[in-house]
Amino acid sequence: MSEITNAPQNLSAIDFLRTRSLANVVQAEIERMIIDGELKPNERVNENGLSQRLGVSRGPIREACSALAAMGLIEIIPNRGFFIRALTNDEAQDLSEARAGVFGCMAMMLAERVTDAEIAILRALLQRMDEIVELGDVHIYYPVNLEFHKQITHMAGNNRLELIYQSFVRELHIQRYRALSSHDVLHISNEEHRAIVDALEARDPVRSLIAARTHILNGIVRTRQAGQPGPVEQVEKQSRKASDEKSRDET
């Protein structure tokens, strides 16, 4: 109600709510574009281009970008505009280690109170991810993966820790998506999920903490490996380097 009271004077309350609702839709779409890699780290957000693509004015786009900046996905540079935030390696490492600690703690808490019904929910998500692994499609796997983690943090029953964890998740979206970029990685990821659920079903707090924390720490390694060039990319890089050196020698 306070938001409506604080609406700009040239907007009616209903117009203000309509604008806010539209901004939420735009925000979700821009967040998806960031996660899917359509908007790259350090890339400037083209407000006019997005306005035409999404069929909205620049107002909701700016409001959505401001909200995403508060979430850590976008950076506001004065007099230049909105840019997709690029985490440094140190920032990503710090955030991932903090996320590992919080997730492990919440899994430990959940092990002490988890119900059979909650285990059934997690098992169903595991089965769904197993089916997706066979397809090898990270675009389908990733949202279910997010839901699995979200369910565990929600079931743990600590709202403050859940909010902290979700803030880490938002900032690390791009890194986590890259870490799941191959079929083999999807399989390994879900085996680690299974180890977490097995520990929870055993009502073993220590085992649950270790399984959950290890899963996140392993994800840090997978992210680092995903950011390194593969054999083909390395050959191409070496070939370009040799070609450049040859051109310099000839001149």
| said: Tyr142 vs Leu186, test: side-chain contact (heavy atoms from CB on, under 4.5 Å). Steps then yes/no. | reply: CA-CA 9 Å; Tyr142 186 64; Leu186 297 184; over 6 Å; no
| said: Could you walk me through whether Met129 and His187 satisfy the side-chain contact (heavy atoms from CB on, under 4.5 Å) test, starting with their C-alpha distance in whole Å, then the side-chain angles of each, then the deciding distance to 0.1 Å, before giving a yes or no? | reply: CA-CA 9 Å; Met129 284 186 283; His187 172 74; over 6 Å; no
| task | Start with the C-alpha gap between Leu125 and Gln151, add the side-chain angles, then the distance that decides, and say whether side-chain contact (heavy atoms from CB on, under 4.5 Å) holds. | result | CA-CA 10 Å; Leu125 288 168; Gln151 284 289 340; 3.9 Å; yes
| request: Go through Glu75 and Asn42 one step at a time and tell me if the side-chain contact (heavy atoms from CB on, under 4.5 Å) criterion holds. | output: CA-CA 9 Å; Glu75 183 178 7; Asn42 293 318; 5.7 Å; no
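Summarising the geometry, atom SG belonging to Cys65 is positioned 10.5 Å from atom CG belonging to Leu73; distances are rounded to the nearest 0.5 Å. Rounded to the nearest 0.5 Å, atoms CG (Leu209) and CE (Met106) are 12.5 Å apart. In this structure, CD1 on Ile84 lies 4.0 Å from CD1 on Ile34, to the nearest 0.5 angstrom. Within the model, atoms CE of Met109 and CG of Asn158 stand 4.5 Å from one another, a figure rounded to the nearest 0.5 Å. Of the inter-residue distances, the one linking Ile132 atom CD1 with Ile140 atom CD1 reads 6.0 Å to the nearest 0.5 angstrom. Atoms CD1 and CD, on Ile61 and Glu63 in that order, are 11.5 Å from each other to the nearest 0.5 Å.
Looking at Val45 and Phe83, their side chains never come closer than 4.5 Å, going by heavy atoms from C-beta outward. Looking at heavy atoms from C-beta onward, Leu135 lies out of side-chain contact with Tyr141 at the 4.5 angstrom threshold. Side-chain contact between Ile216 and Thr214 is absent, with no heavy atoms from C-beta onward closer than 4.5 Å. The side-chain heavy atoms of Val197 and Leu126, taken from C-beta on, include a pair separated by under 4.5 Å. Under the 4.5 Å side-chain criterion, counting only non-hydrogen atoms from C-beta, Arg128 is not in contact with Glu147. Using a 4.5 Å heavy-atom threshold, the side chains of Leu68 and Phe82 count as separate. Between Ile74 and Arg85 the shortest side-chain heavy-atom distance does not fall below 4.5 Å. In this structure, Leu217 and Arg213 have side chains that are in contact, with non-hydrogen atoms separated by less than 4.5 Å.
A continuous path of Ile, Leu, Val, Met, Phe, Trp and Tyr side chains, each step under 4.5 Å between heavy atoms, connects Leu95 with Leu161, placing both in one hydrophobic cluster. A continuous path of hydrophobic side-chain contacts links Val144 to Ile152 [ILVMFWY only; heavy atoms under 4.5 Å]. Linking ILVMFWY side-chain heavy atoms closer than 4.5 Å, directly or via other members, places Met108 and Ile119 in two distinct hydrophobic clusters. A continuous path of ILVMFWY side-chain contacts below 4.5 Å connects Ile196 to Leu122, so both sit in one hydrophobic cluster.
With 3.5 Å as the limit, one finds a donor-acceptor pair spanning the side chains of His193 and Asn190. A donor and an acceptor atom, one from each side chain of Gln27 and Glu31, are nowhere located under 3.5 Å apart.
The minimum heavy-atom distance between Leu200 and Ser208, with the atom names listed, is N-OG, 3.5 Å. When every heavy atom of Ala64 is checked against every heavy atom of Val26, the shortest pair comes out as CB-CG1, 3.8 Å. In terms of heavy atoms, Gly49 sits closest to Asn46 at N-OD1, 2.7 Å.
Between Asp198 and Arg123 there is a salt bridge, since at least one side-chain N of the basic residue sits less than 4.0 Å from a carboxylate O of the acidic one. Between Glu201 and Arg207, none of the side-chain N atoms (NZ, or NE/NH1/NH2) sits under 4.0 Å from a carboxylate O, so this pair counts as no salt bridge. Checked for salt-bridge contact, Arg113 and Glu118 miss the test: no charged N lies under 4.0 Å from a carboxylate O. Residues Glu112 and Arg203 are not paired through a salt bridge, judged by the lack of any N-O separation under 4.0 Å between the basic side chain and the carboxylate.
Legend: residues meeting side chain to side chain contact (heavy atoms under 4.5 Å, CB included) with Ala98, ordered by chain and number and at least two apart, are Phe168. Residues meeting the side chain to side chain contact (heavy atoms under 4.5 Å, CB included) test with Gln127, sequence neighbours left out: Glu131.
With ring centers used as reference points, His149 lies under 6.0 Å from His215.
The local environment of CG in Asp116 is sparse, with at most 12 non-hydrogen atoms from other residues, nucleotides or ligands closer than 6.0 Å.
Here the side chain of Thr153 pairs no donor or acceptor atom with the backbone of Glu162 at under 3.5 angstrom. Counting only distance, with no hydrogens or angles, the side chain of Arg44 and the backbone of Arg80 share a donor-acceptor pair below 3.5 Å.
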